[in-house]
Participant: 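Sharing a structure, written as C-alpha cells. Questions coming.
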Amino acid sequence: MTYTLITANRNYSSWSLRPWVLMQALGIRFTDRLEPFTQSVNYEAFRAFSPTGQVPCLIDGERTVWDSLGIVLYLAERHDGIWPQDEAARAFAMCAVAEMHGGFSALRNQCPMNVGVRVKMAPHDAALRKDVARITELFTQGLESFGGPWLAGPDFTAMDAFYAPVAFRIRTHGLDVGAAQVWVDHILAHPAMQQWEQAALAETWREESHEAEVGATGEIVADFRAG
Ligand SMILES: N[C@@H](CCC(=O)N[C@@H](CS)C(=O)NCC(=O)O)C(=O)O
C-alpha cells in the first residue's frame with residue numbers, strides 16, 4: 001500500500017510543498033490528492049480528512065498523520081535520507097527545520113507564496129529585514145559548513161524541503177539573499193520543484209484572499225499563470 005498525501009493549490013500552499021517535494025525528491029511513492037482552497041478558510045471541508053482542518057495530511061492505511069513537521073518526522077522513522085547522515089549536519093538541519101516551523105512570521109505574512117506572480121515590493125520594514133538577514137545567514141552557514149549544494153550537505157534533505165517554499169517567496173518578491181541565491185537557483189531547478197511550478201502555472205483557480213494578500217505586498221509586475 002502506498003501513502004496518500006493530501007495537499008492544496010500548487011500556486012499558494014506553502015505548507016503542502018514541504019512533504020510533497022521531500023517525498024518526490026527522495027523517491028518515496030505516494031498517491032497525490034489535491035484539495036483546492038475554495039474560500040479563505042476551508043476548515044469545515046478539510047475536516048473531512050484532516051483533524052486540524054488544514055493541509056498537508058498524510059494517509060497511511062488506517063492512520064492519519066498531520067502537520068508538515070509531523071509528516072516529516074513520521075517519514076524519517078520509515079525511510080532513509082530524510083535527515084543528513086553527518087551528525088553535525090543533522091543537528092543543524094533539525095534546528096533549522098524547527099526554526100522555520102515556528103518562526104519567520106514577517107517573511108510568511110509579508111511575502112506570501114504565490115508561485116506564478118512577481119512583485120515589486122514596497123520598502124521592507126524592520127521585521128522583514130531581520131527575517132531576510134537571518135535566512136541569508138542560515139543558508140550561507142549551511143552551504144559553507146557542509147559543502148553544498150544542498151543546505152545541509154551533498155543530499156536533498158528535510159531542511160531543503162522546509163525552505164523550498166522560501167525559494168518561491170524569494171523569487172516572487174525579489175528578496176536579496178546575497179550569495180545564498182546559489183541555493184535558491186539550485187532548488188528551483190530541481191525536477192520536483194519544476195513539476196510543482198508547472199502545475200502551479202497551469203492552475204486556473206483563483207482564491208480571492210490569497211490574491212488580495214499578494215496584491216497588498218507591492219506592485220504586481222508579472223503573472224505567468226494560465227487563464
Ligand atoms: N502547521 C501546519 C500549518 C498548515 C497550514 O497552515 N495549512 C494551510 C495551507 S498552506 C491550510 O490548510 N489552510 C486551511 C485554509 O486555508 O482554510 C503544517 O505545518 O502543516
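In each ligand, atom 1 is the first atom listed, and ligand 1 is the first ligand listed. Quick caveat: nothing in here was measured; it's all calculated off a predicted structure. The residues of the chain are indexed from 1 along the displayed sequence.
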Participant: Determine the interplanar angle of the F104 and Y163 rings, folded into 0 to 90°, and report it as parallel if under 30°, tilted if 30 to 60°, perpendicular if over 60°.
Facilitator: perpendicular
Participant: Considering F37, F46, W15, which one's heavy-atom position lies nearest to atom 3 (C) of ligand 1?
Facilitator: W15
Participant: Any idea which atoms of ligand 1 are less than 4.0 Å away from a heavy-atom of S13?
Facilitator: 9 (C), 10 (S)
Participant: Do you see a donor-acceptor pair shorter than 3.5 Å between the side chains of E35 and N42?
Facilitator: no
Participant: Please say whether D67 places an N or O atom under 3.5 Å from an N or O atom belonging to ligand 1.
Facilitator: yes
Participant: Near V41, which atoms of ligand 1 are under 4.0 Å from a heavy atom of that residue?
Facilitator: 17 (O)
Participant: Against heavy atoms of N42, which atoms of ligand 1 measure under 4.0 Å?
Facilitator: 15 (C), 16 (O), 17 (O)
Participant: Closer than 3.5 angstrom, by distance alone: can the side chain of N114 be matched with the main-chain N or O of T172 as a donor-acceptor pair?
Facilitator: no
Participant: Salt-bridge test for R47 and E44: reply yes if a basic N is under 4.0 Å from a carboxylate O, no otherwise.
Facilitator: no
Participant: Under the ring pair (Phe, Tyr, Trp, His ring centres under 6.0 Å) test against W20, which residue among W15, W196, Y3 passes?
Facilitator: W196
Participant: Counting heavy atoms only, which of C57, A45, S68 is nearest atom 20 (O) of ligand 1?
Facilitator: S68
Participant: Give a yes/no verdict on a cation-pi contact between R33 and F49, requiring under 6.0 Å between NZ or CZ and the six-membered ring centre and an angle within 45° of the axis.
Facilitator: yes
Participant: Can you tell me if S40 contacts ligand 1 (heavy atom of the residue under 4.0 Å from the ligand)?
Facilitator: yes
Participant: Starting from atom 14 (C) of ligand 1, find the nearest protein heavy-atom neighbour and note its residue, name and distance.
Facilitator: G53 O, 4.0 Å
Participant: Is it true that a side-chain atom of E219 and a backbone atom of V119 form a donor plus acceptor pair closer than 3.5 Å?
Facilitator: no
Participant: Between Q39 and ligand 1, which part of the residue brings a heavy atom under 4.0 Å of the ligand: side chain, backbone, both or neither?
Facilitator: neither
Participant: Within less than 4.0 angstrom of ligand 1, does S16 place any heavy atom?
Facilitator: no
Participant: From atom 4 (C) of ligand 1, work out which of I6, I71, V55 has a heavy atom at the shortest distance.
Facilitator: V55
Participant: Do L151 and W183 come close enough that some side-chain heavy atom pair is under 4.5 Å?
Facilitator: yes
